Colleague: 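Sharing a structure with you now.
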Amino acid sequence: MPAQEPSGLSGGHDELSAALAGLAADNAGLREQLTRRHLIDLATGILVAQLQASPAEAAEHLARLAEATGVSTEDLAADIVNGVAGSIAIAPSTGGEDALAGARRMRQVVTSAEANEAVSEAAATLLDGGLRPLGVQSLWLWRRMESDCLRLAGHAGVSATEAARWQWIPPGLPAPFQSVLSEGSPVWLATGLPMDVVLPGPGPEAARALLPLRLQGATVGLALAVWPGRADLDENLRRALTDLIDVAARVLNATEAEPSRSPLLDDLVEALAHPAATVRRGPDSSTLSVEHLNESASEALGGTYQAVGQPLEVAFPRHHADLAPLIRRAYEATSLQRAARVPVEHREGSPAPLLDVRVLPAGDERAVVLWHTGSDLRTAATRAVSHLQGVAPFEDDLVSGTSSWSEQAYGILGVDPKSQPIPLSKLLPRVHPEDGDDLTELLSTLTERRKGAVAVVRVIRDDGGLRHVRIAAEPLLDEGVLTGLTGVYQDVSAGFHAEVALTATFDQLTAVQAQAALRHRLALQLQQAIVPEMPALRRLPGLQATARYRPAVQEYRVGGDWYDVLPLPNGRVLVAVGDIAGHGIDSATGMVALRNALRGLAFTGHTPGRLMQWLNEVTLNTQGHPTATAVCALYDPADRTLCWASAGHLPPLLLRDGTAQLIDPPRDILLGAVPSFVYRETTTQLKPGDTLLLYTDGLIERRHDGLDQGLETLRRAAQELSACEVEEQADRLLSQATGDTDDDTSLIAIRVV
């Protein structure tokens, strides 16, 4: 399944969720049908032998018999099979019907175990349906290997940590295992373990039963049943246990349970009362898969553990679109991530969301996802209160139509403390007519879109006074059903009075702002004068060059980007780009100093590494002690070589024959960091038609994405434009720039001719 919705598909997530949910339901139905069919087929085969009839006649006879006795076909089939194989129900019953029902249940447990596709699932079926009534606490199933080692194939009622300890058992240890394998007879330990013998279980005094798993006359494995303490392993119990364990040999060829890679984490998740899952990301960091679900999570996802080992979009078909970004942010930030609900938006008829979601990274590969199926009152109230300070909480119960207020709410809304609290939905008559629409919109957001919201309305008090009241509220959900509202009231009248007072000083603030705007406008003019736009294609020795500059989005953020394309007397061409850290007048003046210094130094004829070393000393002695990244390159048209050095700058991008490739620069430090640093040089051989792009970080940096992702986005965009003329490439790359950090951007594009 694709991890993301294909572009251009409307409602793709809904269609994918519906398809996956339908497939899961079909799969569960087919497995249930397989279990019933298997039991009926066994009974039909017995009737074929007893009646000397054909399979069709036996099946018809079974159907007529079920109709005549008023018993379901499945129950009657269980009776027939049970009559041949012998009853395995040993619990005392109050009557014949109870005993018969017990026998049917036990036989159906065996049939269900045989129909399971995984050894651990079959073990869980045997334990829950057949062994727990016998007092068994846990079940272990080992497969016998050619070397006589035992390998754990499945288990039930066992912690992941304990299963990891007993994954392999070497030949001869412990002694009871060797006895069962060599003699092929069960070992019954009703009063606990012999001295110096260690076996899985709660303690040495707990009763255990070791039974061989035989198939076609050979011992193919070993089963261990463990009780919580000493037990009376009488003949009836032993016979019942042996009958149930016989089926385990027939499921050893099913899929083995993979040993847990983080057993302690799995046990911790299993111990939680609310839903929890562990998620693992693949080696390429792009795929997410479910590694473990606790029982509550399994029930919340439909009562199946089949989501384990599946991609996130298969395990959480209705939630993965919002859940996957939350998990990836947890990995990148290595910190807890929260969401009030997943998915964020509520749609009519959509399934229940995950509420109060928390994602905690657990190492480089795993993350733990925790959630609730019903709104937690304290958590929802905390989210609402977090918007405000000094507030009056309230809660509306939509089922009973009642409301509860704190004492402060009566004073804020001007209501008699002896009166009944007024639900939010009935507060409209007390709200100023001009603010009625705001309250209606707040209620619509809470009850229809099921999202938290904030509104400020004017409330008319009983004493005739008027108060500005801020209302912050959250919906309360239970399995996707809206059951109530919780939130807070806050009297913000004082803030409105302060606003009136602040308006009196507006003229003074306007004057100060005008002075600041003038200062920044002058700085921008200075920057544009020193680093002018290069709108037209410039022809240089062996090159076509163009450059673009885009100021910061916010007008007051004067940046330190600079670039230069300069022919030199020796026939070579200087190509440089740099970025001084910070914004403002100091950055702009520092940029002017470094650009002019490099221009002058380039006329000495020295190599880029030497020029960068001198420029580093200039930076160290510039007022304000700026730091900067830069790339300095000299192009020689005689042999089409580009010799260049980098001071911590982004890698150049080379377009050749329709393919874009980033050129890794030497890992040298930025300018202004340490004195007397020697910068290394790299020589790149260019060919006619090659295009080289030099740029600053404003072109690619995004607030919530890594640098590698921004570079890859730029590489793909440039590759798509490889057939364009160099000027069109520069214009379109600048218009498609993905950076969103409000930083200025410089771009140089040169093409070899």
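These figures come from a predicted structure and were not determined experimentally. Numbering of residues begins at 1 and proceeds along the displayed sequence.
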Colleague: With no hydrogens and no angle check, is any side-chain donor or acceptor of N294 less than 3.5 Å from a backbone partner on A297?
Modeller: yes
Colleague: Run through L360, T278, I327 and flag the one making a side chain to side chain contact (heavy atoms under 4.5 Å, CB included) with V369.
Modeller: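 Single side chain to side chain contact (heavy atoms under 4.5 Å, CB included) partner of V369 among L360, T278, I327: I327.
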Colleague: How many angstroms lie between atom NE2 of H274 and atom CZ of R358, to the nearest 0.5 angstrom?
Modeller: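 Answer rounded to 0.5 Å: 5.0 Å.
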Colleague: Side-chain contact, heavy-atom cut-off 4.5 Å: H320 with L312?
Modeller: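 With C-beta onward as the side chain, the pair touches.
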Colleague: Using 0.5 Å steps for rounding, measure from the CH2 atom of W166 to the CG atom of L224.
Modeller: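 Result: 9.0 Å between the selected atoms.
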Colleague: May I ask you to test the V198-L193 pair for a side-chain heavy-atom distance under 4.5 Å?
Modeller: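 The answer is no, as the side chains (C-beta and beyond) never meet within the 4.5 Å cut-off.
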Colleague: Calculate, to the nearest 0.5 Å, the distance between atoms CG and CZ belonging to L189 and R230 respectively.
Modeller: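 Between atom CG of L189 and atom CZ of R230 there are 12.0 Å.
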Colleague: When you compare the side chain of R328 with that of Q337, does any pair of heavy atoms fall below 4.5 Å?
Modeller: no
Colleague: What's the verdict on side-chain contact (heavy atoms from CB on, under 4.5 Å) for L237 and D232, showing C-alpha distance, side-chain angles and the deciding distance?
Modeller: CA-CA 8 Å; L237 185 143; D232 182 15; over 6 Å; no
Colleague: Evaluate the side-chain proximity of W168 to L150: yes if any heavy-atom separation is below 4.5 Å, no if none is.
Modeller: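 They are not in contact (no side-chain heavy atoms under 4.5 Å apart), so the answer is no.
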Colleague: Taking the side chain as C-beta and beyond, is there a heavy-atom pair between V197 and P176 under 4.5 Å?
Modeller: yes
Colleague: Take L265 and H292 through the test side-chain contact (heavy atoms from CB on, under 4.5 Å) and record every step on the way to the result.
Modeller: CA-CA 9 Å; L265 183 61; H292 185 76; over 6 Å; no
Colleague: Got a donor-acceptor contact below 3.5 angstrom from the R318 side chain to the P343 backbone?
Modeller: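 It does not hold such a pair.
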Colleague: Measuring only between side-chain heavy atoms, which start at C-beta, is W188 closer than 4.5 Å to L211?
Modeller: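 In contact.
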Colleague: Just by distance, with hydrogens left out, do D267 and T161 show a side-chain donor and acceptor under 3.5 Å apart?
Modeller: yes
Colleague: How many angstroms lie between atom CG of L222 and atom CG of L152, to the nearest 0.5 angstrom?
Modeller: 11.0 Å
Colleague: Hey, does T373 have a side-chain heavy atom less than 4.5 Å from the side chain of P275?
Modeller: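 The answer is yes, as the side chains (C-beta and beyond) meet within the 4.5 Å cut-off.
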Colleague: Taking the side chain as everything from C-beta on, heavy atoms only, tell me whether L288 gets closer than 4.5 Å to Y331.
Modeller: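 The answer is yes, as the side chains (C-beta and beyond) meet within the 4.5 Å cut-off.
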Colleague: Just how far is it from atom CG of L134 to atom CZ of R132, taken to the nearest 0.5 Å?
Modeller: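 Here the interatomic distance stands at 11.5 Å.
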Colleague: With side-chain hydrogen bond (donor to acceptor under 3.5 Å, both in side chains) as the criterion, how do E448 and S444 come out once you've worked through the C-alpha distance, each side chain's angles and the decisive distance to 0.1 Å?
Modeller: CA-CA 5 Å; E448 297 178 8; S444 176; 3.2 Å; yes
Colleague: Crowded around R338 CZ? As in, over 12 foreign heavy atoms under 6.0 Å?
Modeller: no
Colleague: Find the distance between CZ (F177) and SG (C149) and round it off to the nearest 0.5 Å.
Modeller: 12.5 Å
Colleague: So which atom in L139 and which in V158 form the shortest heavy-atom distance, rounded to 0.1 Å?
Modeller: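 Nearest heavy atoms, L139 then V158: O-CG2, 4.2 Å.
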Colleague: Would you find more than 12 non-hydrogen atoms of other residues, nucleotides or ligands less than 6.0 Å from R165 atom CZ?
Modeller: no
Colleague: Over 60° means perpendicular and under 30° means parallel, so classify the ring planes of H155 and W140, tilted if in between.
Modeller: tilted
Colleague: Considering only NZ, NE, NH1 and NH2 on the basic side and carboxylate oxygens on the acidic side, decide whether R239 and D243 come within less than 4.0 Å.
Modeller: no
Colleague: Can you name the nearest heavy-atom pair linking R214 to T219, along with the distance?
Modeller: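 Closest pair (atom of R214, atom of T219, distance): NH1-OG1, 2.8 Å.
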